[in-house]
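What follows is a short report on a single structure.
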Amino acid sequence: MTLPTGRTAWLILGHDYLRQILADSRVSVNRLDPAYPHLVEMDGQAMGAISLVSKSLVGLDPPEHTVHRRMLINEFTVKKLAAMRPRIQAIVDECIDNLLKQEQPADLVTALSLPVPSLVICDLLGVPYTDHGFFQERTLVAFNRKSTQMERMQAGAGLLMYMDKLVTGKEAAPSDEDLIGRLITKYREAGNYDHAHLVGLSMLLLMAGFETTANMISLGTLSFIQNPDQLAKLTDDGTLAVRAVDELLRYLSIVDVSGGSRVALDDIEIGGVTIRKGDGIIALLSGANRDPGHYERPDTFDIDRGAKSHVAFGYGIHQCLGQNLARLELEIVYRTLFERVPTLRLAVPVSELPLKDEASIYGLAEMPVSW
């Protein structure tokens, strides 16, 4: 395929081929590699921001990636996150309370989709929620494809300065009550504490921890409203919310390009084609999740499907670390929202909804609803 930059890269769509390439040790996520398939031109300033990402988990290859992922993996187990369920339920209930107090129509995005994951990630990391507007605004700029490179740089610099100050403040007396505090202790005990790395990692977790989930809340709710037969199944049996989450992750695939971009470190044969060393690769997550050779009626939203094989969180060693947290939040939101507001409906035609076509993470800018 030809990238917006004019360069070429291999596009991989098939479900099995995508899992094969993302599990191959001969591909790299190094965004500083000149062959990495960026979608926009990278000038010196932009590469400065990219270098920060490259020092965090998503930009590292083994063995460095393995070391840092091991530091985090136990923080995101199903068992560990189960302890957060009561707090997440309380957050969701409070946001729905606030939604129902508003005049109709109300915006679901600002009333529910954004505050739920913002509050959850703030609790997890130990970020004062009073500051959520600051990082929410800058994250939206950073993910917007229409933002200029200068705007992205300024947004990234603002976030970096904030996280640097936050981590510095926690270093003096790290608490076991928040993730950043626990990571400071873990790295110090391992003898490899690096302030800059933890700042970059904390910023990554903060940005990734709410933008993706926020978009899933909005689009998932819209999918249920547009498919009343599937909504009826959910309201008849709330336990189906867990299965519904996986189907919505497959069906919506809101992160399609960035999660599967790679560079070939060696010649790789796949599907009878040879990808040469130094070639850029984009394994399209949304393509794999709609592969008709893997899923029957892939363009249909069906919560009875059993879609656990989806690759919405990526695949291989870089599969999203926070996927269990995202699943938990989404399960609680969908189940609770339609239990408490069974008459929820769109207040405008679907064609009038402002979609984030320009963003690297797909979603809705607004979602006016009534009930």
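No experiment lies behind these values; they were computed from the predicted model shown.
No single ILVMFWY cluster, assembled from side-chain heavy atoms under 4.5 Å apart, contains both Leu321 and Val67. Both Leu330 and Leu222 are part of a single hydrophobic cluster, where members link through side-chain heavy atoms under 4.5 Å apart. Connection of Tyr295 to Ile254 is not established within any shared hydrophobic cluster, with ILVMFWY side chains joined at heavy-atom distances below 4.5 Å, either directly or through further cluster members. In the hydrophobic clustering of ILVMFWY residues, with side-chain heavy atoms under 4.5 Å counting as a link, Val58 and Leu125 come out together. There is a path of hydrophobic side-chain contacts, each under 4.5 Å, that joins Leu100 to Val333.
Proximity of Val116 to Glu329: side-chain heavy atoms (C-beta onward) are separated by under 4.5 Å at one or more points. Counting heavy atoms from C-beta on, the side chains of Leu18 and Leu13 never come closer than 4.5 Å. With contacts defined as side-chain heavy-atom distances shorter than 4.5 Å, the pair Leu364/Leu355 qualifies. Looking at heavy atoms from C-beta onward, Met84 lies in side-chain contact with Leu124 at the 4.5 angstrom threshold. Residues Leu160 and Val199 meet the side-chain proximity criterion, which asks for heavy atoms closer than 4.5 Å. Within the 4.5 Å cutoff, no side-chain heavy atoms of Lys233 are placed close to those of Asp237. For the pair Met216 and Val245, the minimum side-chain heavy-atom distance is 4.5 Å or more. Using a 4.5 Å heavy-atom cutoff, the side chains of Val263 and Pro37 are in contact.
Taking 4.0 Å as the cut-off between side-chain N and carboxylate O, Arg262 and Asp24 do not count as a salt-bridged pair. Of the charged side-chain nitrogens involved, at least one lies within less than 4.0 Å of a carboxylate oxygen, so that Arg243 and Asp304 count as a salt-bridged pair. Between Arg85 and Glu331 a salt bridge is recorded (basic side-chain N to carboxylate O distance below 4.0 Å).
Under the ring-ring contact (aromatic ring centres under 6.0 Å, His included) criterion, Tyr362 pairs with no residue, sequence neighbours left out. Qualifying side-chain hydrogen bond (donor to acceptor under 3.5 Å, both in side chains) partners for Arg250, counting only residues two or more places apart in sequence or in other chains: Glu247. Tyr315 pairs by the ring-ring contact (aromatic ring centres under 6.0 Å, His included) definition with nothing, not counting sequence neighbours. Under the ring-ring contact (aromatic ring centres under 6.0 Å, His included) criterion, Tyr162 pairs with Phe134, sequence neighbours left out.
When atom types are taken as modelled, the side chain of Asp246 and the backbone of Gly306 share no donor-acceptor pair closer than 3.5 angstrom. A side-chain donor-acceptor contact under 3.5 Å links Ser175 to the backbone of Glu177. At distances below 3.5 Å, not a single donor-acceptor pair connects side-chain atoms of Asn227 with backbone N or O atoms of Gln230. At least one donor-acceptor pair closer than 3.5 Å links the side chain of Gln104 to the backbone N or O of Trp371. Side-chain atoms of Thr185 come within 3.5 Å of backbone N or O of Gly181 as a donor-acceptor pair. Asp107 places a side-chain N or O within 3.5 Å of a backbone atom of Met367 that can act as its donor or acceptor partner. Using a distance-only test at 3.5 Å, with no hydrogens or angles considered, a donor-acceptor pair links the side chain of His15 to the main chain of Ser309. Thr77 places a side-chain N or O within donor-acceptor distance of the main-chain N or O of Lys80, the cut-off being under 3.5 Å. At least one donor-acceptor pair closer than 3.5 Å links the side chain of Lys170 to the backbone N or O of Gly126. Between the side chain of Ser118 and the main chain of Leu114, a donor-acceptor pair closer than 3.5 Å is present.
With rounding to the nearest 0.5 Å, the separation of NE2 in His310 from CG in Leu248 is 10.0 Å. Here the CG atom belonging to Asn98 is positioned 11.0 Å from the CG atom belonging to Asp93, to the nearest 0.5 angstrom. Residue Glu75 holds its CD atom at 5.0 Å from CG of Leu179, rounded to the nearest 0.5 Å. In this structure, CG on Leu72 lies 10.5 Å from CZ on Arg182, to the nearest 0.5 angstrom. Atom CZ of Arg290 is separated from atom CZ of Arg297 by 12.5 Å, given to the nearest 0.5 angstrom. We find the CG-OH distance between Asp291 and Tyr17 to be 10.0 Å, quoted to the nearest 0.5 Å.
Heavy-atom contacts from other residues, nucleotides or ligands closer than 6.0 Å to CZ of Arg70 number 12 or fewer. The environment of CE in Met161 is sparse: at most 12 heavy-atom neighbours from other residues, nucleotides or ligands sit within 6.0 Å. Other residues, nucleotides and ligands contribute over 12 non-hydrogen atoms within 6.0 Å of the OH atom of Tyr193.
Side-chain N/O atoms of His195 and Tyr187 include no donor and acceptor closer than 3.5 Å. One side chain, Arg327 or Gln323, offers a donor N or O that lies under 3.5 Å from an acceptor on the other.
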- Task: Take Ile217 and Leu112 through the side chain to side chain contact (heavy atoms under 4.5 Å, CB included) test and state the conclusion after the steps.
- Result: CA-CA 8 Å; Ile217 290 173; Leu112 183 70; 4.2 Å; yes
- Query: Would Val120 and Asp123 count as a side chain to side chain contact (heavy atoms under 4.5 Å, CB included) if you check the C-alpha gap in whole Å, the side-chain angles of each, and the deciding distance to 0.1 Å?
  - Reply: CA-CA 5 Å; Val120 171; Asp123 274 6; 5.8 Å; no
- Task: Given side chain to side chain contact (heavy atoms under 4.5 Å, CB included), test Lys356 with Glu211 step by step and report yes or no.
- Result: CA-CA 12 Å; Lys356 296 180 181 178; Glu211 175 71 4; 3.3 Å; yes
- Task: Verify side chain to side chain contact (heavy atoms under 4.5 Å, CB included) between Leu205 and Leu201, making sure each step is shown before the conclusion.
- Result: CA-CA 6 Å; Leu205 293 170; Leu201 179 59; 4.3 Å; yes
Donor-acceptor pairs under 3.5 Å, side chain of residues 341-354 to any protein atom, not counting sequence neighbours: which ones?
none

With a cut-off of 3.5 Å and sequence neighbours excluded, list every side-chain donor-acceptor pair involving residues 269-285.
residue, atom, partner, partner atom, Å
Arg276, NH1, Asp267, OD2, 3.1
Asp279, OD2, Trp10, NE1, 2.9
Asp279, OD2, Arg276, N, 2.9

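Minimum heavy-atom separation, Phe76 to Gly322: CD2-CA, 4.0 Å. The shortest non-hydrogen separation linking Tyr334 to Leu234 is O-CD2, 4.0 Å. Residues Pro128 and Leu166 approach most closely at CD-CD1, 4.2 Å, considering heavy atoms. Here the closest heavy-atom approach between residue Val29 and residue Leu60 is recorded as CG2-O, 3.4 Å. Between Met71 and Leu183, the closest heavy-atom pair is O-CD2, 3.8 Å. Heavy-atom minimum distance, Ile317 versus His65: O-CE1, 3.1 Å.
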